[in-house]
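Each remark here refers to the structure printed beneath this line.
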There are 2 protein chains.
Amino acid sequence: MSGKIITNNIKALRFNNGEVTQARLAEKIGVTRQTILAIESAKYSPSLELAFKIADFFSVPIEEVFQYVDAA
Amino acid sequence: MSGKIITNNIKALRFNNGEVTQARLAEKIGVTRQTILAIESAKYSPSLELAFKIADFFSVPIEEVFQYVDAA
DNA sequence: ACATTATGTAAAATATATTATACTTCTTGT
DNA sequence: ACAAGAAGTATAATATATTTTACATAATGT
């Protein structure tokens, strides 16, 4: 049915950028630590705006943070 | 505060691709025509998943459909 | 002028993202 | 072993996106 899922490499990006913590990333972006945690562990996928904010924070395009790929 | 807003060129893309209608785009992507209309007229911004679906439909990266730019 | 198709407006109902709070577990340094 | 910082689990409350339905307007072809 759905076929595709959204994955992310936020954790990897956090460590490629001077060990930024979940709490600090959340604070910088203006969301809660819970939100970062939930997205990072793929509990749900973010709004487009939040996706843009995260991508902007790491200075990369959205596609480098999130991937829309086949589930199987 | 926020400073940035999300814009889109869905309408332009629809006409660059053989005049695909809102209803047809919605149907192909698996959402309601109202959703396409609301997003196209920036009543609200979509979920990341829907943004991916729209971008995929037009075979372009998300950044070519949606732009996160300064409001002013 | 009429019929048809596409787009816009509106509002209530539902689903999903985000917050807030509190507690737990893991790591690391001392 | 202990303390402190970071990450994980859980849940209720709130905000926002999406659906559904219904009607209104705009554009086009006959």
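In what follows, chains are A, B, ... by sequence order, proteins preceding strands, each numbered from 1.
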- Task: Could you say whether A:Ser47 or B:Leu37 is positioned toward the 5' end of DNA chain C, judged by the nucleotide with the nearest heavy atom to each?
- Result: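 In this pair, the answer is B:Leu37.
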- Message: For B:Ile62, is there any backbone N or O sitting under 3.5 Å from a side-chain donor or acceptor partner on A:Glu63?
- Response: yes
- Heavy-atom donor-acceptor pair, B:Thr32 side chain to B:Thr35 backbone, under 3.5 Å: no
Name the nucleic acid region contacted by [X], choosing base, sugar-phosphate or nothing; use a 4.0 angstrom heavy-atom cut-off, strictly under.
X       : answer
B:Thr32 : base
B:Arg14 : sugar-phosphate
B:Gln34 : base
A:Ser41 : nothing

Give the rounded distance in Å between these two atoms: [atom1] of [X] and [atom2] of [N].
X       : N      : atom1 : atom2 : value
B:Arg33 : D:dT19 : CZ    : C1'   : 13 Å
A:Ile39 : D:dA7  : CD1   : P     : 15 Å
B:Leu25 : C:dT5  : CG    : C1'   : 17 Å
A:Leu48 : C:dT18 : CG    : P     : 11 Å
B:Glu40 : C:dA6  : CD    : P     : 14 Å
B:Tyr44 : C:dG8  : OH    : C1'   : 14 Å
B:Lys43 : C:dT7  : NZ    : C1'   : 13 Å
B:Gln22 : D:dA26 : CD    : P     : 16 Å

Is the shortest side-chain N/O distance from [X] to OP1 or OP2 of [N] below 4.0 Å?
X       : N      : answer
A:Thr35 : C:dA17 : no
A:Ser45 : C:dT16 : no
A:Lys11 : D:dA6  : no

- Task: Name the closest nucleotide to the B:Val31 side chain, picking from C:dT19, D:dT19, C:dT7.
- Result: D:dT19
- Do the charged groups of B:Glu40 and B:Arg14 touch, with an N to O distance under 4.0 Å?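 Looking at B:Arg14 together with B:Glu40, the answer is yes, because their closest N to O distance falls below 4.0 Å.
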- Item | Closest heavy-atom pair and its distance - A:Ile39, A:Asn8 |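 Heavy atoms only, the tightest pair is O-ND2, 3.1 Å.
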- Check: B:Ser45/A:Glu49 side-chain N/O donor and acceptor closer than 3.5 Å: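 Not at all, the side chains of B:Ser45 and A:Glu49 share no donor-acceptor pair under 3.5 Å.
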